[in-house]
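A short worksheet on the structure shown next.
Since the structure is predicted, the reported quantities are computational estimates derived from the model, not experimental observations.
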Amino acid sequence: MSKLQRHIGLFALTLYGIGDILGSGIYGLIGKAAGQLGHFVWLAFLASFLVALMTGLCYAALGSRFPQAAGSSFVIWKAFRSPFLAFVAGLATLASGLTSMSTAARVFSGYFTSLLPIVPEAAAIVGFCLLLTFIVWIGIRESMWANAVMTLIELSGLLLIIVAGLPFLGSVNLMDLSSIPSGAGLTPSLILSGAVLTFYSFIGFEDLINVSEEVKNPRRNLPIGLLLSLLIASTIYMLVAVTAVSVVPPGDLATSKQPLVDVIRIAWPWFPTHAFGFIALFAVSNTALLNFIMASRLIYGLGNLGLLPKTVAKIDSRTKTPYVSIGIVAVIFLVLTFAGDVSSLARATSIFVLIVFMFMSASLFHFQRLDRKNSNHRKQWRIPQFIPVLGMLGTLAMLLHAQRSDFKIAGTMLVGIIALYFVRRPTAEQIENFEAQLDNK
């Protein structure tokens with residue numbers, strides 16, 4: 001069985017998680033959220049954080065138990081012994097990563113060509129894809145260094161917003177009901193609707209489980225790194241949300257194409273705002289890089305698990321990276337990017353991610369219930385049983401407040417995934433053979 005090398009320490013893993021969660025969505029998302037909730041935009045981020053925390057704790061416990069590149073597919077298989085559920089979970093997660101990469105590539109080309117108009121957009125996209133492919137192929141250490149640099153640059157932009165807005169804190173009433181544009185008051189439905197929007201900015205912590213096969217001492221470092229990255233990113237989100245509505249009226253944020261740039265423009269008129277275009281380049285590049293790593297490791301893991309052909313799990317003897325799966329991701333990446341606007345597809349795959357979150361929470365509940373009967377498992381990293389229950393309820397609430405159009409697209413995608421499942425026809429015996437190899441290592 002091909003095997004990855006464990007090169008990722010706790011610090012690198014935490015930076016990976018921070019970069020994956022922060023992404024580039026916050027740069028535009030804050031305006032849309034303010035348009036729904038006014039000065040209460042922080043409440044949407046808080047609700048999203050609580051759901052993400054419940055789910056994140058479940059992922060931390062599960063990643064500690066099963067540090068395999070197949071991630072959620074392997075966990076769901078262990079819990080439910082269903083090749084179908086494992087296959088759907090893997091491809092749903094893969095689709096989310098691929099569409100996120102393609103969206104990032106189109107945003108990158110827009111920023112890049114605005115800075116260098118002489119470069120054609122198609123050339124920027126191809127160059128972007130080739131550069132990321134090279135970084136992911138040459139090694140996980142090199143990928144982690146690239147992520148560290150881009151995360152720090154990305155983080156500096158958000159910290160700049162917070163520092164610039166410090167003098168404005170306390171200048172507005174963050175509990176002002178009249179700031180809600182709808183005029184309907186602060187209702188649970190409105191908060192959840194806003195939380196559905198802001199929750200997409202928290203997605204990313206779950207990717208850490210797909211690189212767990214390359215993490216040093218994963219039973220200790222994976223839970224700590226996942227929770228640290230989630231807490232740090234969430235704190236920054238909350239501070240940015242409060243700062244933004246303190247500096248710029250929510251209505252102006254909602255109509256702005258660059259809401260955070262407007263915050264800097266008002267708070268620090270002397271600051272060169274075009275510098276945010278430079279920071280945004282690194283933010284979207286980091287989003288694409290981390291999703292590239294996740295997607296290639298997920299395909300590799302699905303190959304080892306028997307849900308995809310074993311060929312995709314081949315490892316380069318020199319770089320110790322899954323070169324076949326990296327090539328597959330690069331090709332799909334380019335095709336999707338040139339296919340056109342994938343934003344609707346990305347929103348629909350987020351529904352799949354929420355469903356996977358529900359199954360992962362249910363899986364942990366199942367495993368911890370078995371722990372009480374099996375003394376051999378009592379040394380596992382455990383959390384109180386009410387947390388996976390809250391994780392399931394929270395993701396269900398998010399799903400119930402998603403857009404109907406996104407469910408239609410998700411349904412179409414599900415039909416495609418089911419069709420692929422029956423073409424591939426993975427069997428339980430194939431997965432059990434992989435488990436036997438793990439037990440004999």
Compare all side-chain heavy atoms of Arg382 with those of Arg65 and state whether any distance is below 4.5 angstrom.
yes
Measuring from atom CZ of Phe292 to atom OG of Ser325, what distance do you get when rounded to the nearest 0.5 angstrom?
8.5 Å
Could you walk me through whether Ile30 and Val41 pass side-chain contact (heavy atoms from CB on, under 4.5 Å), step by step?
CA-CA 8 Å; Ile30 190 71; Val41 64; 4.1 Å; yes
Taking atom CD1 of Ile355 and atom CG of Leu414, what is their separation to the nearest 0.5 Å?
8.0 Å
Phe357 vs Met398 side-chain heavy atoms within contact, under 4.5 Å:
no
From CE (Met101) to CD1 (Ile293), nearest 0.5 Å:
10.0 Å
Looking at Phe66, I'd like to know if its CZ atom is crowded, meaning that more than 12 non-hydrogen atoms belonging to other residues, nucleotides or ligands lie closer than 6.0 Å.
yes
To the nearest 0.5 Å, how far apart are CG in Leu290 and CG in Leu22?
10.5 Å
Between Met360 and Cys58, is there a side-chain heavy-atom distance shorter than 4.5 Å?
no
Contact check, side chains of Leu57 and Pro388, non-hydrogen atoms, under 4.5 Å:
no
Regarding Arg297 and Glu214, does a basic nitrogen lie under 4.0 Å from an acidic carboxylate oxygen?
yes
Determine whether the aromatic ring centres of residues Phe422 and Phe87 are separated by less than 6.0 angstrom.
no
Find out whether Leu399 and Met358 are in side-chain contact, i.e. whether some heavy atom of one side chain is under 4.5 Å from a heavy atom of the other.
yes
What distance separates Phe282 CZ from Met150 CE, expressed to the nearest 0.5 Å?
8.0 Å
Is any side-chain heavy atom of Val389 less than 4.5 Å from a side-chain heavy atom of Gln385?
no
Between Ser361 and Thr395, is any pair of side-chain heavy atoms under 4.5 Å apart?
no
What's the spacing between Leu239 CG and Ile162 CD1 if we round to 0.5 Å?
4.5 Å
Would you check if Leu253 and Val263 make a side-chain contact, meaning some heavy-atom pair closer than 4.5 Å?
yes
Listed by chain and number, what are the salt bridge (Lys or Arg N to Asp or Glu O under 4.0 Å) partners of Glu206, not counting sequence neighbours?
none
Phe202 vs Tyr237 aromatic rings, parallel, tilted or perpendicular, using cut-offs 30° and 60°?
perpendicular
Any donor-acceptor pair under 3.5 Å from Thr319 side chain to Trp137 backbone:
yes
Are the ring centres of Phe112 and Phe128 closer than 6.0 Å?
no
